[in-house]
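Below: the structure, in structure tokens.
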Amino acid sequence: MKKVIISAIIAVIAIAGGFAWFMLSDNSEEVFCTLDAKLCPDGSYVGRVGPNCEFAQCPGESANNLWKTVRDDRQDIEYHYPERLLPKYIFAQEWPPEVEITQGIFSCAEEVRMVDDRIYCVEAESEGAAGSVYTRYSYLYSWESEGRSVYVRFTLRYPQCGNYGELERSECEAERGAFDLDGLVDRIVQGIEFI
């Protein structure tokens, strides 16, 4: 008897919910957004949302106000970079990134990393000091269509996660694993404009 009553209640709730949805909806066509993603300054990604299929806002971000613009008249370029990094356990030490455009195409002598379909040569030099590791990065991207190469250089400081208590240590390690540094650099490089 209890099963019958519970089933009847569930059926009434489902019918009422469906009726309410039908009455409240505008009966227009459903919108299906593409499944592409936008890289956020914190290294996470957001997707498109309806009804206009615009990208959702990044965590802690309002209308991309975290990205600043640098105009380099010496190289006749303009590029964008996040004014600050959002991760709690990763710090920008030498920032904003130094962007240098050179003539010619170069092959990789360093580690090769793929971001989407683009190849980056990455050199990372680390040294430890006072409970942190400082890593100096140099990303090289050959812009074959322009006959030029782009260097992006900066230093990040990573506190040693083992120096924290158990909860913060887990949070620190998870954040390191989720941080998409390659994607962040790719967004900087792909946003370069020649002026």
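This chain uses plain numbering: 1 for the first residue, then up along the sequence. These numbers come from the heavy atoms of this one structure, side chains and all, not from hydrogens, waters or symmetry mates.
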Ile77 side chain near Ile101 side chain, heavy-atom distance below 4.5 Å: yes
Joint cluster assignment, Val70 & Phe194, ILVMFWY side-chain distance < 4.5 Å: yes
Pairwise salt bridge (Lys or Arg N to Asp or Glu O under 4.0 Å) hits with a residue in residues 160-177, at least two apart: Lys88-Glu171
Whether over 12 other heavy atoms sit under 6.0 Å from Ile119 CD1: no
Main-chain N/O of Phe106 paired with Ser142 side-chain donor or acceptor, under 3.5 Å: yes
Show me the side-chain donor-acceptor pairs of residues 123-133 shorter than 3.5 Å, one per line, residues at least two apart or across chains.
residue	atom	partner	partner atom	Å
Ser126	OG	Thr135	OG1	2.8
Ser132	OG	Arg157	NH1	3.1

Verify same cluster id: Val122, Val150 (apolar side-chain graph, 4.5 Å): yes
Glu100/Arg153 ion pair, N-O < 4.0 Å: yes
Side chain to side chain, Leu184 and Phe179, heavy atoms closer than 4.5 Å: yes
Which atom of Val115 lies closest to which atom of Gly183, heavy atoms considered: CG1-CA, 4.3 Å
Minimum heavy-atom distance between Val99 and Val152, given as atom pair plus value: CG2-CG2, 4.3 Å
Asp73 side chain near Ile195 side chain, heavy-atom distance below 4.5 Å: yes
Linked, directly or transitively: Leu86 and Phe91 (ILVMFWY side chains, under 4.5 Å): no
Contact summary for Trp143 and Val189, nearest pair of heavy atoms: CH2-O, 4.0 Å
Glu83 side chain near Leu66 side chain, heavy-atom distance below 4.5 Å: no
Spacing of Gln103 atom CD and Glu146 atom CD [to the nearest 0.5 Å]: 9.5 Å
Interatomic distance, Arg187 atom CZ to Ile192 atom CD1 [nearest 0.5 angstrom]: 13.5 Å
Trp95 side chain to Leu156 backbone, donor-acceptor under 3.5 Å: no
Interatomic distance, Tyr158 atom OH to Gln93 atom CD [nearest 0.5 angstrom]: 11.5 Å
Non-neighbouring partners of Thr69 that pass side-chain contact (heavy atoms from CB on, under 4.5 Å), sequence neighbours left out: Glu78, His80
Student check: side-chain heavy atoms of Leu181 and Tyr137 closer than 4.5 Å: yes
Least distance between heavy atoms, Pro82 atom then Ile188 atom: CD-CD1, 4.3 Å
Transitive ILVMFWY side-chain link Leu140 to Tyr79, under 4.5 Å: no
Heavy-atom closest contact (Ser138 atom, Tyr151 atom, distance): OG-CD2, 4.1 Å
Side-chain heavy atoms of Asp180 within contact of Asp182, under 4.5 Å: yes
Distance (rounded to the nearest 0.5 Å) between Tyr81 OH and Phe154 CZ: 14.0 Å
